[in-house]
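Below is one structure, written out as structure tokens, with a few remarks after it.
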Amino acid sequence: MPVDEEQLIRELDAMPPEEPPGDLRSSIMAGIAAERPAARPVAFTRTPRRFVFAAGWAVAALIVLTFLLLVRPPSGSEPYATMAPIATEYTADDVTVSVWREGDLVRVQPRLTGIEPVTITVRWDPQSAAFAGIYGATDASSQNNQTTFTLFAPSQRSVVSLGVHPAAGATAVVVLVDEVEAIRAEVPLN
């Protein structure tokens, strides 16, 4: 049997309002209070809650940093896997020079084999390569086709980066030790 909602609303509105008994509210509240135990204070005070909250954020930040450092590739690297560059070693009396290609750069790393400091000059053909930077040398000076710096100890690592021109097939890299040519290398660029 279908219910007519409008008819039901009219009948409920037509009923006279009734007041509940005066002690109804107090008897209901007394019944609820009798069934429920008295409230106890929370065991944690405000300071330990803040500590737990801060520790949670610290752990979350540590997880994010770990993810960024271990999973994300370093900036400037290719987003895909590549074979590590293979260095070609050249040896002279006072230095050993590693030369390798890394992306659009040629890297030249002279290493001192003796114990006496030496002045290193790295020269290249400016038609096929250009100076891109040097790492690990504080006294370096550069020109259009060469850079000069000093190696003080065998443990010092200095790397000269050369940007290569895409059209060039190869570039010659010459390493001078105390103004004497020690190594000449022909580096293929493609």
Q | Any L151 side-chain heavy atom under 4.5 Å of S158 side chain | A | yes

Heavy-atom check, side chain of T150 versus side chain of V118, under 4.5 Å
no

Run the side-chain donor-acceptor check on residues 19-26: report pairs under 3.5 Å with partners two or more places apart or on a different chain.
residue, atom, partner, partner atom, Å
S26, OG, D23, O, 3.1

- Task: Decide yes or no on side chain to side chain contact (heavy atoms under 4.5 Å, CB included) for E179 and T121, but give the supporting numbers first.
- Result: CA-CA 7 Å; E179 298 301 321; T121 302; 3.9 Å; yes

Going by chain and number, the hydrophobic cluster around W57 (ILVMFWY, side chain to side chain under 4.5 Å) further includes F53

Students should find that the hydrophobic cluster of I115, defined by side-chain heavy atoms under 4.5 Å apart, otherwise consists of none

Sorted by chain and number, sequence neighbours left out, salt bridge (charged side-chain N to carboxylate O under 4.0 Å, His left out) with R111 holds for E89

In terms of heavy-atom contacts, does CD of E11 have more than 12 from other residues, nucleotides or ligands at under 6.0 Å? yes

Could you check whether atom CD of Q7 has more than 12 heavy atoms from other residues, nucleotides or ligands sitting under 6.0 Å from it?
yes

Side chains of V177 and T119, heavy atoms from C-beta outward: is any pair under 4.5 Å?
no

Cluster membership besides I63, Ile/Leu/Val/Met/Phe/Trp/Tyr side chains within less than 4.5 angstrom, sorted by chain and number, is V59

Going by chain and number, the hydrophobic cluster around V174 (ILVMFWY, side chain to side chain under 4.5 Å) further includes L176

